[in-house]
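I have placed the structure first, in the form of structure tokens, so that the comments after it can refer back to it.
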Protein chains: 2
Amino acid sequence: MPDSDHAIAATFAPHDHQQCAHRALDEAAARLTEQGARLTPVRRRTLEILLESHRAMGAYEVLDRLAAEGFGRQPPVAYRALEFLVTHGLAHRLQRLNAFAACLHPGHDHHPAFLICRSCDKVAEAAAAPIRDALTAVAAQGGFRVERATIEALGLCATCAAEGVA
Amino acid sequence: MPDSDHAIAATFAPHDHQQCAHRALDEAAARLTEQGARLTPVRRRTLEILLESHRAMGAYEVLDRLAAEGFGRQPPVAYRALEFLVTHGLAHRLQRLNAFAACLHPGHDHHPAFLICRSCDKVAEAAAAPIRDALTAVAAQGGFRVERATIEALGLCATCAAEGVA
DNA sequence: GCGATGGCGTTACTTTATTACATTCAGGTT
DNA sequence: AACCTGAATGTAATAAAGTAACGCCATCGC
């Protein structure tokens, strides 16, 4: 991810989340104008909601929030906004959870591996390149060409482990 | 995987499927008696249905088949049988597809990586060890302990590629 | 201003999955 | 054989996740 090993720990450890979320939102806005895509109110708000925590949220959880704030209350409202964000690399979909999480490093590796803590539920993005390389190599031996990889790990983060969670 | 690089290609290439399915069923039965678990009619039939192809099947697709053969026609019938098979390592769940596939190598690596061909829809199991190692290493740098990994690749198999599928 | 496009909202529906509870069946005990 | 017990099976009902189809309105290029 952006710089180093710190990215993972930074997600799980306590940190200035206001700033963390704000930075991601700014980067997102920058990337979109660059691409000529529009960050409309629903989309912006959806991203903000995802950015409030490092957890993954279900589409209906997001929808409830949007509806409470005066946006539409039908599923497509949430799904469309989420799909937009995913398409533009501003959010990720977690297959294991049927849920979505804001991307914290837009513009870097757009198909990271995900580390999901089973205790605090937070989700971190990890550099997928070495993992994908291993996968690609194994597949190639069988003549299979990998186009998209889903890599999601469930486990325990350092912060929860330090707090004594088994 | 059982032996080698051949396992992947063998899944996608034409082969004696009767024998392939039969062998998997035998191995499954053997493993279950060993574990003291019961391969009841619904469970056995569910496994056979999955083994008929190398595709992943949705729970409702399996359910339709079971219902047509005189078993119950309510979702729990299929979900319970499938869950049993997954628990005992005789089938796998594919997160990306919300579907299930028979395990072709029961007793070997119970958490393989999956290679899903987007053209023929078949699913092969690949050795996950090297991939999981890479994932574990990346995660460990961030203090994260991986407990379970989901590794699923979408792409094109050798057979489809040879047939000119782009 | 005017049409084309994209975004948003709605209704309606499909697909996937679970909860809760009644019934049946295999196995061991008396 | 009668009896108990726990696992397995079946049902109805419902929840959760996701999609299709359509109309309205705003924005943008002309």
Side-chain angles (χ1 to χ4, degrees), chain A residues 28-29 32-33 35-50 55-88 90-101 116 121 150 152, chain B residues 28-29 32-33 35-50 55-88 90-101 116 121 150 152:
Chain A
L32 285 183
T33 43
Q35 292 175 34
R38 293 167 53 197
L39 188 58
T40 61
V42 215
R43 293 171 177 174
R44 180 184 189 95
R45 196 63 198 113
T46 300
L47 181 53
E48 287 172 356
I49 289 169
L50 290 182
R55 288 187 312 110
M57 297 179 76
Y60 282 75
E61 199 180 343
V62 171
L63 179 59
D64 283 348
R65 295 284 309 271
L66 291 174
E69 296 176 21
F71 294 99
R73 48 184 59 259
Q74 302 306 320
V77 171
Y79 281 103
R80 279 195 291 239
L82 290 166
E83 189 190 8
F84 172 88
L85 296 175
V86 169
T87 299
H88 290 80
L90 306 179
H92 300 289
R93 177 178 204 134
L94 289 139
Q95 307 283 350
R96 272 195 93 99
L97 307 178
N98 285 10
F100 302 81
I116 307 163
D121 277 342
T150 300
E152 301 178 3
Chain B
L32 285 181
T33 44
Q35 294 176 32
R38 295 168 52 199
L39 187 58
T40 61
V42 214
R43 292 171 178 174
R44 179 185 190 93
R45 196 65 198 112
T46 301
L47 182 53
E48 287 172 356
I49 289 168
L50 290 183
R55 288 187 311 110
M57 296 178 77
Y60 281 76
E61 200 179 344
V62 171
L63 179 59
D64 284 347
R65 294 283 310 271
L66 292 173
E69 298 178 18
F71 295 100
R73 49 184 61 260
Q74 303 302 324
V77 170
Y79 281 103
R80 279 194 293 237
L82 290 166
E83 187 190 9
F84 172 87
L85 295 175
V86 170
T87 299
H88 291 80
L90 307 180
H92 300 289
R93 177 178 205 135
L94 289 141
Q95 306 284 350
R96 273 193 91 99
L97 307 177
N98 285 10
F100 301 82
I116 306 163
D121 277 343
T150 299
E152 301 178 3

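When reading the values below, keep in mind they use all heavy atoms of this one structure, side chains included, and skip hydrogens, waters and symmetry mates. Protein chains get the first letters and strands the later ones, always in sequence-line order, with residue 1 at the start of each.
Between the CE atom of B:M57 and the P atom of C:dT15 there is a distance of 15 Å, given to the nearest Å. In this structure, B:Q35 places its CD atom 16 Å from P of D:dA7, rounding to the nearest Å. B:D64 has its CG atom 13 Å from the C1' atom of C:dT16, to the nearest Å. Spacing between atom CG of B:L66 and atom P of D:dT11 amounts to 12 Å, rounded to whole angstrom units. The nearest whole Å value for the distance from the CG atom in B:L63 to the C1' atom in C:dT14 is 15 Å. Distance, A:F71 CZ to C:dG9 C1': 12 Å, rounded to whole Å. Between B:E83 atom CD and C:dT16 atom P there is a gap of 18 Å when expressed in whole angstrom units. Rounded to whole Å, atom C1' of C:dT10 lies 12 Å from atom CZ of A:R73.
Taking side-chain N and O atoms only, A:N98 has a distance below 4.0 Å to OP1 or OP2 of D:dG18. Contact annotation: A:R43 side-chain N/O to C:dC8 OP1/OP2 distance is under 4.0 Å. Checking the phosphate oxygens (OP1, OP2) of D:dA12, a side-chain nitrogen or oxygen of B:Q74 falls inside 4.0 Å. Taking 4.0 angstrom as the limit, A:R93 places a side-chain polar atom (N or O) nearer than this to OP1 or OP2 of D:dG18.
With hydrogens and angles disregarded, no donor-acceptor distance shorter than 3.5 Å links the side chain of A:Q95 to the backbone of A:T150.
You'll find a donor-acceptor pair under 3.5 Å spanning the side chain of B:R80 and the base of D:dG10, going by distance alone. The base of D:dA17 sits with one of its N or O atoms less than 3.5 Å from a complementary donor or acceptor on the side chain of A:Y60.
Minimum atom distance to the side chain of B:Y79 is reached by C:dT16, of the listed C:dA12, C:dT16, D:dA17. Of the listed nucleotides (D:dT19, C:dA17, C:dT19), C:dT19 has the atom at the smallest distance from the side chain of B:P76. The side chain of A:P75 lies closest to D:dG18, out of D:dG18, C:dG7, C:dT10.
Checked for salt-bridge contact, A:E48 and A:R45 meet the test: a charged N lies under 4.0 Å from a carboxylate O. Taking the charged nitrogens against the carboxylate oxygens, A:E61 and A:R65 have no contact shorter than 4.0 Å, which rules out a salt bridge.
Residue B:F84 is tested with B:L32, B:V42, B:T46, B:T40 for a side-chain contact (heavy atoms from CB on, under 4.5 Å); the sole match is B:L32.
Position along DNA chain D of the nearest nucleotide to B:V77 versus A:R38 favours B:V77 as the more 5'-ward residue.
To the nearest 0.5 Å, atom CG of residue A:N98 and atom CG of residue B:N98 are 5.5 Å apart.
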